[in-house]
Amino acid sequence: MIEPSIEDVMNRSERDIVIPAEMVATVNENNNLQHVFLVLSKIKYSKIPVLDNDNHFKGLISLAMITDQMLTNEGIDGHRLENLLVKDVMQTDVHAIYERENLEVILRYLVDENFLPYIDEDDVFKGIITRREILKEINFLTHNYDKYYHAESNHVVI
Ligand code: AMP
């Protein structure tokens with residue numbers, strides 16, 4: 001459990017930890033890999049969310065997953081990408097966040113991931129929570145904690 005005073009101070013920051021869906025670069029699960037390779041090469045993100053036609057979150061696709069498909073015993077074959085769809089190679093075992101207030105779970109998952117998809121109870125994609133935004137929150141906490149609480153040390157000085 002997160003110390004309630006810590007959670008309270010973080011909740012006082014005006015900042016929104018969620019980057020809303022309309023600001024997030026996504027691809028459709030039925031796009032072919034050649035298209036997505038071009039998209040990922042143009043934008044600065046190497047991994048982005050995958051959605052279906054009704055904006056449900058389906059998984060994540062990365063440049064590494066795509067280049068992996070180009071490798072053959074003879075070398076690199078980009079033509080293979082034309083015949084593969086995002087849904088054939090995307091990562092589906094993804095930790096998604098349903099409750100944005102659940103800081104404990106968010107922090108735990110962000111240890112291993114750069115970002116987490118934020119979705120509603122019907123799996124509709126609402127946005128992402130990134131390590132960067134959470135670090136800004138922690139920065140706020142470290143600079144503002146003493147405005148709201150006084151920490152007392154339990155250490156006995158000998
Ligand atoms: P950041 O913490 O801002 O570097 O973002 C971490 C990761 O989240 C990036 O490497 C991307 O995979 C993903 N990401 C962040 N912002 C966006 C965005 N606007 N659209 C798509 N993916 C994003």
Side-chain angles (χ1 to χ4, degrees), residues 1-3 5-71 76-78 80-145 147:
M1 188 186 120
I2 289 187
E3 156 65 33
S5 66
I6 302 259
E7 205 151 6
D8 176 49
V9 175
M10 285 177 88
N11 286 336
R12 287 169 191 266
S13 112
E14 305 281 283
R15 195 180 289 283
D16 189 352
I17 60 166
V18 175
I19 298 177
E22 57 272 21
M23 306 284 289
V24 179
T26 61
V27 289
N28 186 284
E29 62 175 349
N30 291 313
N31 287 147
N32 75 39
L33 289 192
Q34 193 173 56
H35 169 78
V36 180
F37 182 74
L38 292 175
V39 171
L40 287 172
S41 304
K42 288 275 176 212
I43 61 176
K44 60 179 176 151
Y45 306 117
S46 60
K47 197 181 218 186
I48 57 175
V50 178
L51 309 184
D52 69 9
N53 291 335
D54 299 315
N55 285 331
H56 295 112
F57 174 76
K58 304 304 280 187
L60 300 173
I61 187 84
S62 70
L63 262 184
M65 291 172 209
I66 298 177
T67 51
D68 200 43
Q69 297 298 322
M70 293 163 69
L71 299 178
I76 295 171
D77 178 5
R80 288 166 55 92
L81 302 186
E82 291 164 30
N83 302 318
L84 285 169
L85 302 181
V86 173
K87 63 183 173 191
D88 299 328
V89 302
M90 68 186 178
Q91 174 191 351
T92 53
D93 59 334
V94 181
H95 288 304
I97 296 299
Y98 292 88
E99 296 168 52
R100 54 184 295 160
E101 297 77 24
N102 198 338
L103 194 58
E104 187 164 359
V105 170
I106 293 171
L107 287 176
R108 182 164 4 111
Y109 289 161
L110 278 180
V111 169
D112 295 320
E113 303 293 340
N114 278 336
F115 75 96
L116 303 168
Y118 172 51
I119 61 186
D120 74 9
E121 62 280 6
D122 298 318
D123 286 355
V124 173
F125 181 66
K126 309 303 275 182
I128 58 174
I129 298 171
T130 63
R131 250 189 213 162
R132 182 196 297 266
E133 295 308 313
I134 289 293
L135 279 175
K136 287 180 189 167
E137 286 297 297
I138 290 173
N139 195 27
F140 174 87
L141 169 71
T142 57
H143 288 91
N144 292 279
Y145 186 83
K147 290 185 186 147

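Counting starts at 1 for both ligands and their atoms, following the listed order.
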Student: Is it true that, when you exclude R12 itself, more than 12 heavy atoms of the residues, nucleotides or ligands shown sit nearer than 6.0 Å to its CZ?
Tutor: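 Counting other residues, nucleotides and ligands, CZ of R12 exceeds 12 neighbours.
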Student: Is there side-chain contact between M70 and L81, with at least one heavy-atom pair below 4.5 Å?
Tutor: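 They are in side-chain contact.
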Student: Run the salt-bridge test on D16 and R100 with the 4.0 Å N-O cut-off and return the result as yes or no.
Tutor: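 Counted as a salt bridge, because a side-chain N and a carboxylate O are separated by less than 4.0 Å.
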Student: Without swapping roles, check the side chain of R131 against the backbone of E113 for a donor-acceptor pair under 3.5 Å.
Tutor: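 Present.
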Student: Heavy atoms, side chains only, cut-off 4.5 Å: are I134 and L107 in contact?
Tutor: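 SC-SC contact between I134 and L107 confirmed.
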Student: What pairs of donor and acceptor atoms, side-chain ones from residues 21-33 against any protein atom, are under 3.5 angstrom apart with sequence neighbours left out?
Tutor:
{"residue": "N28", "atom": "OD1", "partner": "N30", "partner atom": "N", "Å": "2.7"}
{"residue": "N28", "atom": "ND2", "partner": "N53", "partner atom": "OD1", "Å": "2.8"}
{"residue": "N30", "atom": "OD1", "partner": "K87", "partner atom": "NZ", "Å": "2.8"}
{"residue": "N31", "atom": "OD1", "partner": "N28", "partner atom": "N", "Å": "2.9"}
{"residue": "N32", "atom": "OD1", "partner": "Q34", "partner atom": "N", "Å": "3.0"}
{"residue": "N32", "atom": "OD1", "partner": "H35", "partner atom": "N", "Å": "2.9"}

Student: For ligand 1, which of its N or O atoms have a protein N or O partner closer than 3.5 Å, and how long is each gap?
Tutor:
{"residue": "ligand 1", "atom": "2 (O)", "partner": "R132", "partner atom": "N", "Å": "3.4"}
{"residue": "ligand 1", "atom": "3 (O)", "partner": "R132", "partner atom": "NE", "Å": "2.9"}
{"residue": "ligand 1", "atom": "12 (O)", "partner": "K47", "partner atom": "O", "Å": "2.6"}
{"residue": "ligand 1", "atom": "16 (N)", "partner": "Y45", "partner atom": "OH", "Å": "3.4"}
{"residue": "ligand 1", "atom": "19 (N)", "partner": "M23", "partner atom": "O", "Å": "3.0"}
{"residue": "ligand 1", "atom": "20 (N)", "partner": "A25", "partner atom": "N", "Å": "2.8"}

